[in-house]
Amino acid sequence: MKTRNDREATAERLLRSSLDHSYEPSIDIDWDAPLVEGSWGLPEHRVSLYGTQLWEGLSDEQRRTLSVHELCSIARIGLWFEMILMQMLLRYSYDRDPRRRHIQYALVEIADECRHSVMFAKMTERYGVPDYAPRRLTHELGRLFKTIASGPAMFAGTLFVEEILDQLQREAMRDETVQPLTRMVNKIHVTEEARHVRYAREELMRIMPGTNAAERTVARYLSSRVAFVVARNLIHRDVYRSVGIDPAAGHRAALANPHHQEMLRWSARKLVPFLREQGLIGGPTEILWRKAHLI
């Protein structure tokens, strides 16, 4: 079990790392640099229609265009959840002693997430794509989650979004077929999110031994609901309109695409065993993880 001393020691290390390995995207990214013609937004094999009949009907240029729109859709759902996370962390910190390193790091993480949100917004603007904001129901579910989630559900939900984005971004930032702008944004996010993941994982390990059966049931349900909603909304259905595909048809094809389903399982492959160990995957709510193709 993680103790208070362990928690403070971890927070101290994360605070020092934040001083040594942080970025200011407004300065560290050349937003005026020309985009590289012929580059991808995402690696080709991560585009949701890859391998489908609809994919075969697209030109190379259309495929690259779709990859940029899907990249910005993923960034937008990340931005949406970062806003949720910032509000939850502020509420969490509001009730605790700010002299503790643990809470000071929570405040640093909020500052990181503010910069990430602006960075994702500026990237979407630079690529000249629409605002792929979550649909109304998803938006309102986010409002509910940030209001009621606390403890295990808060940290498990945070880990899910951060870790699947981390997997996608680590791969893309090393892929030379991907736009340099995408790769730099991913590098910044991966570097700083590694600390956020460490913080959330250790908090979850500290909290779970003290939860009762009812609390675990609620956390299990909320975690599975977040996973399902985010997985289904990573790729906004309107992205397909950018290449002349009916959004409903594109959405159906992506959901049925084995390549896309495997990408989702791949992105969650490190997180799922950890959440099982913590007792947050299992029982009736596991069906939501399976329906979202995360298991």
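The first residue in the sequence is number 1, and the count goes up from there.
Contact check on Arg206 versus Glu202 returns no salt bridge, with no Lys/Arg side-chain nitrogen under 4.0 Å from an Asp/Glu carboxylate oxygen. Note on Arg143 versus Glu140: salt bridge recorded, some NZ/NE/NH1/NH2 to OD/OE distance being below 4.0 Å.
Looking at Asn257, its side chain never comes within 3.5 Å of a backbone N or O of Ala253 through a donor-acceptor pair. Looking at Trp31, its side chain does come within 3.5 Å of a backbone N or O of Pro25 through a donor-acceptor pair. When atom types are taken as modelled, the side chain of Ser73 and the backbone of Leu234 share a donor-acceptor pair closer than 3.5 angstrom. Without hydrogens or angle criteria, Arg216 side chain to Thr211 main chain gives a donor-acceptor distance under 3.5 Å.
A donor and an acceptor atom, one from each side chain of Tyr240 and Ser48, are located under 3.5 Å apart. When only modelled atom types and interatomic distance are considered, Ser18 and Arg195 share a side-chain donor-acceptor pair under 3.5 Å. Between the side chains of Tyr92 and Glu203, at least one donor-acceptor pair of N or O atoms lies under 3.5 Å. Side-chain contact of Thr10 with Arg7: a donor-acceptor pair under 3.5 Å is absent, judged by distance alone.
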Practice problem: Dump the intermediate steps for side chain to side chain contact (heavy atoms under 4.5 Å, CB included) on Ile207 and Gln278, then the final yes or no. | Solution: CA-CA 10 Å; Ile207 290 171; Gln278 302 305 313; over 6 Å; no

Quiz item: side chain to side chain contact (heavy atoms under 4.5 Å, CB included) between His189 and Met119: does it pass, once the steps are laid out?
Solution: CA-CA 9 Å; His189 199 246; Met119 178 174 69; 4.2 Å; yes

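A salt bridge (Lys or Arg N to Asp or Glu O under 4.0 Å) with Glu163 holds for exactly one of Arg198, Arg201, Lys270, Arg170; it is Arg201. Among Glu44, Gln62, His259, the one residue that satisfies the side-chain contact (heavy atoms from CB on, under 4.5 Å) test with Trp55 is Glu44.
Ring planes of His196 and His116: tilted class, angle from 30 to 60°. Relative ring orientation between His45 and Tyr50 is described as perpendicular, the plane-to-plane angle rising above 60° on a 0-90° scale split at 30° and 60°.
For the pair Arg46 and Trp266, the cation-pi criterion (under 6.0 Å, within 45° of the ring axis) is fulfilled.
Between Phe160 and Phe81, the distance from one ring center to the other does not fall under 6.0 angstrom.
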